[in-house]
Amino acid sequence: MLFLVAALLLLGVVLGTVAHAPLTFTVVAAAVIAAWLGIFALRERHGRRQHTSIH
């Protein structure tokens, strides 16, 4: 329960910060995060494929 409260508090702080940031900065930051998550997902998928083909 404490973890949920802390997560919601952190989310509120982050969203409050984004609300005051310029729109261009928010869009660029969102694009960078999305690219990072996409690259991470591809690397994970590629790593699991190699790992399962060996065994």
Side-chain angles (χ1 to χ4, degrees):
M1 183 68 174
L2 185 60
F3 176 74
L4 181 61
V5 171
L8 288 173
L9 180 65
L10 183 62
L11 180 65
V13 169
V14 170
L15 288 179
T17 304
V18 169
H20 295 288
L23 183 61
T24 3
F25 173 77
T26 305
V27 170
V28 168
V32 168
I33 293 171
W36 176 58
L37 289 173
I39 291 169
F40 176 76
L42 288 173
R43 288 182 64 197
E44 283 293 311
R45 180 177 288 180
H46 182 67
R48 287 179 193 230
R49 266 195 213 148
Q50 282 185 339
H51 185 67
T52 54
S53 65
I54 292 172
H55 292 329

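We use all heavy atoms of the structure for the numbers below, so side chains are in, but hydrogens, waters and symmetry mates are not.
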Handout entry: Non-neighbouring partners of Ala30 that pass side-chain contact (heavy atoms from CB on, under 4.5 Å), sequence neighbours left out
Key = none
Exercise for the section: Only counting residues at least two apart or in another chain, list the ones meeting side-chain contact (heavy atoms from CB on, under 4.5 Å) with Phe3. Expected result: none
Exercise for the section: List, by chain and number, the other hydrophobic cluster members for Val5, where Ile, Leu, Val, Met, Phe, Trp and Tyr join if side-chain heavy atoms come within less than 4.5 Å, directly or indirectly. Expected result: none
Handout entry: Connected-component partners of Leu23 among ILVMFWY, side-chain separation under 4.5 Å
Key = Val27
Exercise for the section: If you link ILVMFWY side chains whenever their heavy atoms are less than 4.5 Å apart, which other residues fall into the same cluster as Ile39? By chain and number, please. Expected result: none
Handout entry: Side-chain hydrophobic cluster, 4.5 Å single linkage: members besides Ile33
Key = Trp36, Leu37
